[in-house]
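What follows is one structure encoded as structure tokens, with my remarks underneath.
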Protein chains: 2
Amino acid sequence: MTDLEGKLERFCNRCRQNKLKITPQRVEVYKALISSNAHPSAEAVYDKVRGVLPNISLDTVNRTLNTLNEIGAAFVVAGSGDVKRFDGNLDNHQHFKCIKCRKIFDFHSEPLDNTETLRKLEEQFRVLRITVYAEGLCKGCIEKEQN
Amino acid sequence: MTDLEGKLERFCNRCRQNKLKITPQRVEVYKALISSNAHPSAEAVYDKVRGVLPNISLDTVNRTLNTLNEIGAAFVVAGSGDVKRFDGNLDNHQHFKCIKCRKIFDFHSEPLDNTETLRKLEEQFRVLRITVYAEGLCKGCIEKEQN
DNA sequence: CTTACTGCAAACCATTTGCACGATC
DNA sequence: GATCGTGCAAATGGTTTGCAGTAAG
């Protein structure tokens, strides 16, 4: 749990840098997010946090997740359509979304880190974020389909 | 304009294959989409098509764009949050979105075509679509920022 | 003539906003 | 004590749905 503590401390510092107060709601939303690998929606985070803070409102969760996105402590998962999903894992990774069950799986590749693509892009734009997004069917759903 | 005719013919064939009727609305929505390189929202397509079919409804445009996505004649642009945006350009390409002005720019890279990443993914999933999505600020907005 | 599509209106749902109270610094 | 955050409720806005009439195959 040293890992969690470290993340929490870095998170609090980041809040202070951005002149954000450290409230229980903010901390619990952050904890709920980084302890999940399911790329939860605001609703899902809400359900989780309510276990600890029963009076928290969905609005606060929404606001907080957006704030985390703004200060770079988390981000909105890229995808097409659907409800917003969030990710607190800042390590470089990519997402595969199953269009049937909606699960999001992480995968790894360094397709852009070394290529010319990024360099070319940076000639034209200030690139803040670059991700690979893949869509399709996961194993579970392929199997179900065959029935 | 031979290019447009070719695309239209292929589009009609695709409709027939999917047992979809070829209605003026469908054709005009498709034409509006492929004649735009702005990755338009349903609203934007609606505005454009109304020039030709003044009585078309926004619902029909929405339904049609979703249908195009389903039959593979177009797709929903991957992104984070915001309104759905559509793209009728099926050539392999990537998107950069300016988070300030919301413009979407196309760019090219073949980061995944040849790598092991895709092969590895295909061991685990049925991959239907894979795109690179980048976000940041475009030149215009960087300049505006400096004022 | 059958089946599918459209337009309209209403419904839906996720997300956002205004405001007064309460908590943090 | 000043400022910012929260909870509540209402509003918003994009997207979807049910239905009756209309058009395509």
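Chain identifiers are assigned alphabetically (A, B, ...) following the order of the sequence lines, protein sequences preceding nucleic acid strands; residue numbering begins at 1 within each chain.
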- request: Specify the residues of residues 74-89 of chain B, ordered by number, for which at least one heavy atom lies under 4.0 angstrom from an atom of DNA chain C.
  value: none
query: Quick one: Leu58(A) CG to dT15(C) C1', roughly how many Å, whole number?
result: 8 Å
message: What I want to check is whether the side chains of Asn13(B) and Arg10(B) have a donor and an acceptor closer together than 3.5 Å.
response: no
- line: Expected string for nucleotides 17-22 of chain C under the B/S/- scheme (protein heavy atoms, under 4.0 Å, primed atoms plus P, OP1, OP2 as sugar-phosphate) is BB----
message: Please determine whether a side-chain nitrogen or oxygen atom of Asn66(B) lies at a distance below 4.0 Å from atom OP1 or OP2 of dT16(D).
response: yes
- prompt: In terms of side-chain heavy atoms, does His95(B) have a donor or acceptor partner in Asp87(B) at a distance below 3.5 Å?
  reply: yes
task: With the side chain of Leu20(A) defined as its heavy atoms from C-beta on, choose the nearest nucleotide among dC5(C), dG7(C), dG5(D).
output: dG5(D)
task: Could you tell me whether Arg119(B) and Glu122(B) have a side-chain N and a carboxylate O separated by less than 4.0 Å?
output: no
query: Given dC8(D), dT16(D), dT15(C), which nucleotide is nearest the side-chain atoms of Asn62(B)?
result: dT16(D)
field: Strand-adjacent residues in residues 41-49 of chain A, judged by heavy atoms under 4.0 Å from DNA chain D
entry: none
query: Does dG7(C) have OP1 or OP2 sitting under 4.0 Å from an N or O in the side chain of Asn55(B)?
result: no
field: Test item: Ser36(B) side-chain N/O and Ala32(B) main-chain N/O as donor-acceptor pair under 3.5 Å
entry: no
message: Is it true that Glu135(A) and Tyr133(A) share a donor-acceptor pair across their side chains at a distance under 3.5 Å?
response: yes
- request: Report yes or no: do Thr131(A) and Gln94(A) form a side-chain donor-acceptor pair below 3.5 Å?
  value: no
query: Want to settle it: does Arg16(B) or Thr23(A) sit nearer the 5' end of DNA chain D, counting the closest nucleotide to each?
result: Thr23(A)
- prompt: Between dT6(C) and Thr60(B), is there an OP1 or OP2 to side-chain N/O distance shorter than 4.0 Å?
  reply: no
query: In terms of ring plane angle, is the pair Phe105(A) and Phe125(B) parallel, tilted or perpendicular, where the classes change at 30° and 60°?
result: tilted
field: Nearest-Å distance for atom pair CG/C1', residues Leu65(B) and dT6(C)
entry: 15 Å
query: Does Gln25(A) make a side-chain N or O approach to OP1 or OP2 of dG7(D) shorter than 4.0 Å?
result: yes
query: Any side-chain donor-acceptor pair under 3.5 Å between His39(A) and Asp106(A)?
result: yes
